[in-house]
Amino acid sequence: MRAGPDRRESLADVVADIRDGTRLALCGFAITRNAVAFAHELVRARRHRLSLTQVIGGMETDLLVAAGAVDDLSYGGGSLDRFGPLHAVNRAAMAGTLRLVEYSALALTLRLHAGALGLPFIATRSLLGSDLAQALIAGGHARLAEDPFDGTPCLVLPPLRTDVAVVHVDVADTAGNAVIAGPTWSIPETVRAADTVIVLAEEVVDVGAIDPSHVHIPAALVHAVVAAPRGAYPTAVFGRYDYDGAHLRRYAQAAADAAGTAAYLDEWVFGTGTFDAFLSKAAA
Amino acid sequence: MRAGPDRRESLADVVADIRDGTRLALCGFAITRNAVAFAHELVRARRHRLSLTQVIGGMETDLLVAAGAVDDLSYGGGSLDRFGPLHAVNRAAMAGTLRLVEYSALALTLRLHAGALGLPFIATRSLLGSDLAQALIAGGHARLAEDPFDGTPCLVLPPLRTDVAVVHVDVADTAGNAVIAGPTWSIPETVRAADTVIVLAEEVVDVGAIDPSHVHIPAALVHAVVAAPRGAYPTAVFGRYDYDGAHLRRYAQAAADAAGTAAYLDEWVFGTGTFDAFLSKAAA
Amino acid sequence: MTARPAWTRGEMLAVAGSLQVRDGDVAIVGLGLPQVAALLARYTHAPSTRLLLEIGVFEPDPTEPAMGIADPRMWQGGSSFGSMLEILGVMLHGRRVTLGMLGALQVDQWGSINTTEVVAEDGSRRRFNGSGGGNDIASHAARTVVIMSHQPRKFARVLPFVTSPGRMVRGRPRDQFGLTGGGTCAIVTDRAVIAIGPQGAVLDSVHPGEDPDAVVADTPIPLLRGAPAETPAPTAEQLDLIRSRLDPHGWYTR
Amino acid sequence: MTARPAWTRGEMLAVAGSLQVRDGDVAIVGLGLPQVAALLARYTHAPSTRLLLEIGVFEPDPTEPAMGIADPRMWQGGSSFGSMLEILGVMLHGRRVTLGMLGALQVDQWGSINTTEVVAEDGSRRRFNGSGGGNDIASHAARTVVIMSHQPRKFARVLPFVTSPGRMVRGRPRDQFGLTGGGTCAIVTDRAVIAIGPQGAVLDSVHPGEDPDAVVADTPIPLLRGAPAETPAPTAEQLDLIRSRLDPHGWYTR
C-alpha cells in the first residue's frame, strides 16, 4: 500500500474554503454524530446564504439556522429527539426567513443517491398522495410519472448534488479513508453526492492502519481530514461518548425563543472562540 | 443480543428446495468466490430450466450451463479471466439452447438494485448507442426514455428480482449475518434482489461473534446458512485460498468442446459424488 | 365507582399498541411509544418479531430506555448495522416490512397522519418535526399502526397537512396513487383502539374503564361506534416489563 | 537493416499505453495489458494516478502479476474495498473517472468496441466475453483508450456488434445518444498510436522501426496518415519495471 496523499487540514482552513452561498450537506441525525465543531466554526466565520441539505436535521442544523447562516434547507424532517424540536428551523420557516423544502427521509436519500450515481433521475413510490409530494411538485423538485413498463403511477425525483459534505466519523487515515461504527443512516449517499467531502474524525491514523474492507468512505472521495476529538459533543458518537442530555436540554430551552437563541450563541459559540474552549466550558 | 433463529442447513437440503425453473442468481465473478460446491450439488440433482442471473459469469455459471441446467442467462459478460472464456455458455448460446440476455455489468447491477429497493424502474446513461441496448429494447428488457426534468435521452430498466440468490462468504453466524473480505462487486445488490438468500460460508460462527458494523448481508435477508469450507474451490477466496490455476486450465481445456465438457462433468462432478470427494480428488 | 386502575394511561397505551404486533412481523418503529410497544410485543406474545430502525439498525435488543431513534442506547444488541437505504429502501420500499408503528400529531378517519404542522384556532400555524421515515413507512408497510394519546385536537376530518397517507387520501383509495402498502389499519390511543377498515374508522375496543360513548364524543372524526370490545387489561408481566426494563424512568408511559 | 529492438512488441504496447495516462487521472482499467500499462504509468510519469477496478477496488498496489481483474493478486494493497456500484456507479456513472483503458476484440474508426462476437469469413459467428464493465467505461469515462495488438482483422469499418460506443455511433455523435463521457480518444497498438478526433482516426505516431504506410495498409478502417511522429521508445526504467515487477512471467508483454 502506498502512503497516499496527506489530506489533513485544520478546521479553520476547511471553513475558510466555504463561501457564502455554498450548497452544504450535513450528516448528523438528531442527537447523534452531528458535526458540531464544524458548525461552531462556520457560525463564528459568519457565513451566510448557505443552501443546506440534510436527510434528518439535528443540533448542527438548528445552530446554523439560528445563526442566520442558512437561506434554504432541504430535509426530511428533524428534531432533537425527546429533548425538543428544531426550534430555530421551525421559527425561521414560519417567519419566512428560511425556505424549507421537505421530503420524506427516503425520498431525499434517493435524490442524493441519484446524485451520487449520476442517474438522470430516480423513481419512487414514497410520497404519493401526500401533501409533501404536492409541495415538491409545485416547487419543481418532483414530478408524477407513469412506470414505463406497467403504467402504474409513481414519483420521479431529479438527482441532488451539493458542493460540500461534512461528516463526523470515528477513524480516518491521513488520506481520507474513513470508518463509522454503528448505523450509518444516509451518510453514504450524502457524502457521495458532494463535489467536496470534509471528514472530521475522532481519531486520525496512518494510511494502512484501517482494514480496507471496513472503509465506509473511500479516500478517493475525500478532500480534507480534520482531527476533531469530541467534535460531535453534545451529540453522541456510538461507542465513544454519550450525548450530554443536560446541555441538549439547555440548548432546546434557549432555542425556544429568538432572544434565548442569541444568548446561547453568544455564550457558547461566539463567547468560547474555539471548540476546545467550548468543550472546557461545557465540562466545567 | 438475542441468539436469533438457527438457519443452518445442509447443502443437500437447500438444493432439494430448488425446483426446476427457479429464477436463480449467482454471485461469483470469473475465477473468484464462485459457489462451486453449490453448483456441483445442483448439477448432481439434475435440475433443469433454471433462469440464471449473474452480473459477471464465472466457473459456476459455465458448469451449470454445461450440465444443461440453464434455459436462459441474464448476465453482463463473463470469463475465466486469462484461463479462458465461458466455453459452455458461448457454445450453448451459439447453438440456441441457451437464451442469453446481455447487459453491461453496471446496467444489470442497476436492475438488481432497483429490484432490491422496490423501485418502479431505474434510469441510466449506460448502454446508450450500443447494440446491447438495441437487443435489450427489442426483448422488452429496457426502453429509451427522456429525462423528465431536462429532456435528455436515457435508458430505463425495469427492476429485476429472482427467487433464490446463492453467495459464498467468508464468515456467517448461525442466524445468517454474513461477512465478505475484500471487494464485493455486485453481491450486495444480487442478494438483496432475491426472495430467498442462501449463504455458503467458509466459517459458521455463533451469533454475537461478528461485529454488527462489519456485516455485509444482514440476517433479516438470509434463509439458510450452509457450512462450505473451501466451497469456492477451484476459484479464489480473498485472504483464504488462491484459485487453482492448473484445475481452471484443465476445466477450460475440457470445456472447449462438448465431449470434453461431458467427460469433465462425469469425472469431477458426477464421479465424485460429494464436494468433499471432489476436493480430495483435486488435491491428489 | 371504579377502582383506581393499577396502571397508567401510558402503560395501557403501550400494552394496547403491543397487541397490534403479530408474531413474525418485520416491524419498523418510530420514536417514543412505538419503540416501547414493539419491544413489549417482542418480549411477550411476539418473540420472533424482527425490529428495524430507520437510522440503520437491524433487530436491536436494547437494555436501557432511549431518548429516541438517534439515541445509541436504542441500537444496543443490534444484529447488524447498515444504512437508511438498507432499512427504508431495501426492507421497506422493497416490501419486506409487514408492520409500521408511528406516532402522530394528528390523524384523520382514514388513518392519514400529520406530523408537519398544526393550525391553531386563531389560524396561526405551528411547525413540527416533519416526516422523517414516517411517510415512507405509512406508504409501504403492509400494515401501519398509529400510537398516540387520545385528545380531541389530535383528530381531524381534514388534516391541515397530510404528511403520510392513510387508507384513503383526498377521497381516493390509496392504491390509486401507486402506494404499495396497506395503509393504517389501527389507531391505538390511551383510551381505545380504532380500526381503520374499508368503511373508515370503527371503534374496535375501548380500554378497561372507558365508556364507548365518551370516547366517541372525544373523537371528532367520523367513527362507527358499533359494539366495541374491551381491550385486554395489562398483565402483571407486561407491566413489569414496562416498569423494570422498557421505561423504568416513565419517560413514555407515565 | 534494422537492429533487433531491445524490447518486445508487448513491452512497446505497454509503454505506449502508459503514455496515455496523465498524472492525476482517475482511471478504470480492464483485464490484461491495460492493467500493466496503467500501473507502469503510475510508477513512472503519473504517480498520482488513482486506479480503480470494477470489481470494487480503490487504488490497488499489487506486488505480483495477476491473471485478471478477478485475481486477488490484483487487489493487493488496495486503499479500500467496496462494490461494483461504488466503482461503476458512484465513481464512473457519477462522472468522476477521467480515463478508461480497455482491451478490444475489434474497433472501428470512431473507437467503438466489439467484445461480444466476431463473424468469420465463412459467416460463422464466435462469441466472446461480452461487456463486463467495458460498455459502462466507454460510455462515461472522460477519455477512453483502447489497448490491443495490431492485426488487420481487429479493425472494421462496420462492427458486427457495438458493445461499447466510440465518438460516433451509427453515424451520429455520441452525445446525441445521451452519453456523458468523451469516448475513445486513442487506440494504442503494438505498432502505432491512432488518435480518434472529431474527424475520425488519425495516425498519431508509429512505434520505433514501423513504417507508417505499412501500418496504414494493415489498418482497414478510414485512417488519416498525415505525418505521424515516432512513439518514444521504451526507457530502461520502463522495461525494468515491466520485466521485474509488472509482468515478470511475460504473460502480457511477451
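Please read all numbers here as calculations on a predicted model, not as lab measurements.
The two residues C/Ser79 and B/Val215 make their nearest non-hydrogen contact at O-CG2, 4.3 Å.
More than 12 non-hydrogen atoms from other residues, nucleotides or ligands lie less than 6.0 angstrom from CZ of B/Arg240. Few gaps surround CZ on C/Arg170; more than 12 heavy atoms of other groups in view lie less than 6.0 Å from it. Atom CZ of C/Arg22 has 12 or fewer neighbouring heavy atoms from other residues, nucleotides or ligands inside a 6.0 Å radius.
Within residues 216-227 of chain B, the residues having any heavy atom less than 4.5 Å from a heavy atom of chain C are, in residue-number order, B/Pro218, B/Ala219, B/Ala220, B/Leu221. When the heavy atoms of residues 84-101 of chain C are compared with those of chain B, the residues falling under 4.5 Å are C/Leu85, C/Glu86, C/Gly89, C/Val90, C/Met91, C/His93, C/Gly94, C/Arg96, listed by number.
Listed by first and then second residue, the side chain to side chain donor-acceptor pair (under 3.5 Å) pairs involving residues 159-168 of chain C are C/Thr116-C/Thr163 (not counting sequence neighbours).
Residues that satisfy the side-chain hydrogen bond (donor to acceptor under 3.5 Å, both in side chains) test with B/Thr53, not counting sequence neighbours, are absent from this structure.
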